[in-house]
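First up is the structure itself, then whatever we jot down about it.
Just so you know, ligand 1 is whichever comes first in the structure, and atom 1 is the first atom listed for that ligand.
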Amino acid sequence: MKRKYLFLSIIFLFVLPCYVFAKPVKIQIVPRKIFPGDAFLIKIKNLRNKNTPVALINKKEFAFVEFGKGCYIAIGAIDINARPGKYKIKIKSGNSSFKSNLLVKRKIFPSVSLNLPDEKVFPSDDDLKRIQDENIKMNEVSGLITEKKWEGNFIFPLENEISTLFGVKRIMNEQWTSIHKGLDFKGKEGEEVKASNNGKVVLTEELFYGGNTIVIDHGLGIYSIYMHLSRIKVKSGDEIKKGEIIGNVGSTGRATGPHLHFGIKLNGINVNPDSLIKLNI
Ligand SMILES: [Zn+2]
């Protein structure tokens with residue numbers, strides 16, 4: 001009996017300190033303060049339970065991937081229409097849950113006035129039907145959450161000057177306002193356009209507004225969109241590597257001249273591509 005007690009006390013001495021001194025779960029939000037429409041990272045360390053966590057922010061779920069034992073990372077985003085303030089981040093992993101928060105700062109997005117041919121600003125009934133169908137298709141192809149395909153940082157598809165920033169209010173023909181949901185790069189007709197990260201092509205089509213358009217699924221709800229191309233060099237189903245040439249700059253669709261419209265969707269949220277590219281993944 002004595003030996004048994006001695007054995008139990010040895011186990012107690014060695015096992016107990018493990019629990020006492022085990023590092024607590026650490027949650028880091030990078031950057032801590034963002035603007036509406038921005039992406040950010042959620043990093044978890046020392047998570048001992050084996051259930052892959054999920055983050056809940058503003059009623060949207062964001063998936064994590066494991067990066068080493070007990071370490072997880074997720075890319076989150078907040079809508080451009082989100083009000084400034086503090087947002088709760090709830091993380092669930094099996095029966096455990098953790099909390100953190102994110103600060104969304106106020107940002108005044110600039111306005112610009114444009115003049116385009118009336119038929120591009122005020123579409124006919126037939127064109128309106130086409131635009132509606134294209135929007136439905138676009139939401140469908142970019143609405144699925146598939147396995148992770150992206151590797152490391154996202155890159156700009158073209159290293160040219162930006163002509164229109166994300167979130168700019170465009171007042172067209174003094175009557176119609178639209179919010180710019182991507183970045184426009186200045187470009188020459190035919191310049192090569194690169195894939196922002198590894199992924200799978202899920203759409204190659206000529207759209208009313210976007211002209212020749214490519215959509216790439218990077219996994220975990222992240223999609224990149226390339227518009228107004230003169231040429232599309234890939235097809236739906238193609239597996240693409242980061243930096244691979246996928247098309248050429250053009251002025252198809254609603255464009256005043258050759259340029260590239262580059263958009264990012266994350267869980268259906270239109271994200272400022274610049275904020276995603278700046279993340280050190
Ligand atoms: Zn654009």
Side-chain angles (χ1 to χ4, degrees), residues 35-39 77 79-81 107-123 127 130-132 134-135 137-139 141-142 154-197 202-216 218 222-232 246-266 268-278:
F35 291 114
D38 279 0
D79 195 85
I80 189 169
N81 296 315
K107 185 174 182 177
I108 311 281
F109 292 100
S111 297
V112 291
S113 291
L114 291 171
N115 277 306
L116 289 165
D118 270 359
E119 66 272 18
K120 289 283 178 190
V121 181
F122 309 105
D127 286 339
R130 182 183 160 190
I131 293 161
Q132 211 175 22
E134 287 173 357
N135 286 343
K137 192 165 185 190
M138 196 69 160
N139 289 337
V141 297
S142 63
F154 282 73
I155 59 165
F156 284 124
L158 196 65
E159 273 117 41
N160 292 354
E161 206 184 315
I162 290 166
S163 54
T164 311
L165 290 165
F166 175 87
V168 170
K169 262 183 215 155
R170 293 180 303 180
I171 303 150
M172 294 174 200
N173 298 18
E174 293 169 7
Q175 288 180 60
W176 187 261
T177 303
S178 86
I179 305 292
H180 193 232
K181 291 167 184 164
L183 289 177
D184 282 350
F185 291 88
K186 288 182 179 175
K188 292 189 192 83
E189 184 90 18
E191 262 189 282
E192 290 176 329
V193 174
K194 292 181 275 186
S196 184
N197 211 321
V202 289
L203 182 129
T204 54
E205 251 179 59
E206 199 210 330
L207 306 177
F208 182 81
Y209 286 131
N212 291 329
T213 300
I214 300 172
V215 180
I216 300 177
H218 301 287
I222 305 179
Y223 291 81
S224 60
I225 302 155
Y226 311 80
M227 289 175 162
H228 310 300
L229 303 168
S230 59
R231 260 189 82 192
I232 294 176
I246 52 169
N248 301 91
V249 170
S251 52
T252 55
R254 187 168 74 182
T256 46
H259 75 283
L260 174 74
H261 173 98
F262 175 52
I264 295 284
K265 269 188 182 252
L266 170 45
I269 300 170
N270 291 299
V271 169
N272 183 353
D274 194 43
S275 71
L276 178 70
I277 285 162
K278 275 183 183 149

Exercise. Does the pair Leu260 and Glu191 meet the rule for a side chain to side chain contact (heavy atoms under 4.5 Å, CB included), with working shown?
Worked result: CA-CA 10 Å; Leu260 174 74; Glu191 262 189 282; over 6 Å; no
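- Closest N/O/S atom of Asp184 to the Zn ion (ligand 1): OD1.
- Every residue meeting the salt bridge (Lys or Arg N to Asp or Glu O under 4.0 Å) condition with Lys137, not counting sequence neighbours, appears here in chain and number order: Glu205.
- If you look at His261 and ask which of its N, O or S atoms sits nearest the Zn ion (ligand 1), the answer is ND1.
- Inclusion of His180 in the first shell of the Zn ion (ligand 1) is supported: an N, O or S atom falls under 2.8 Å.
- In this pair, His180 and His261 present their aromatic rings perpendicular. The plane angle is above 60°, beyond the 30 to 60° band.
- Here Asp184 pairs with nothing under the salt bridge (Lys or Arg N to Asp or Glu O under 4.0 Å) rule; sequence neighbours left out.
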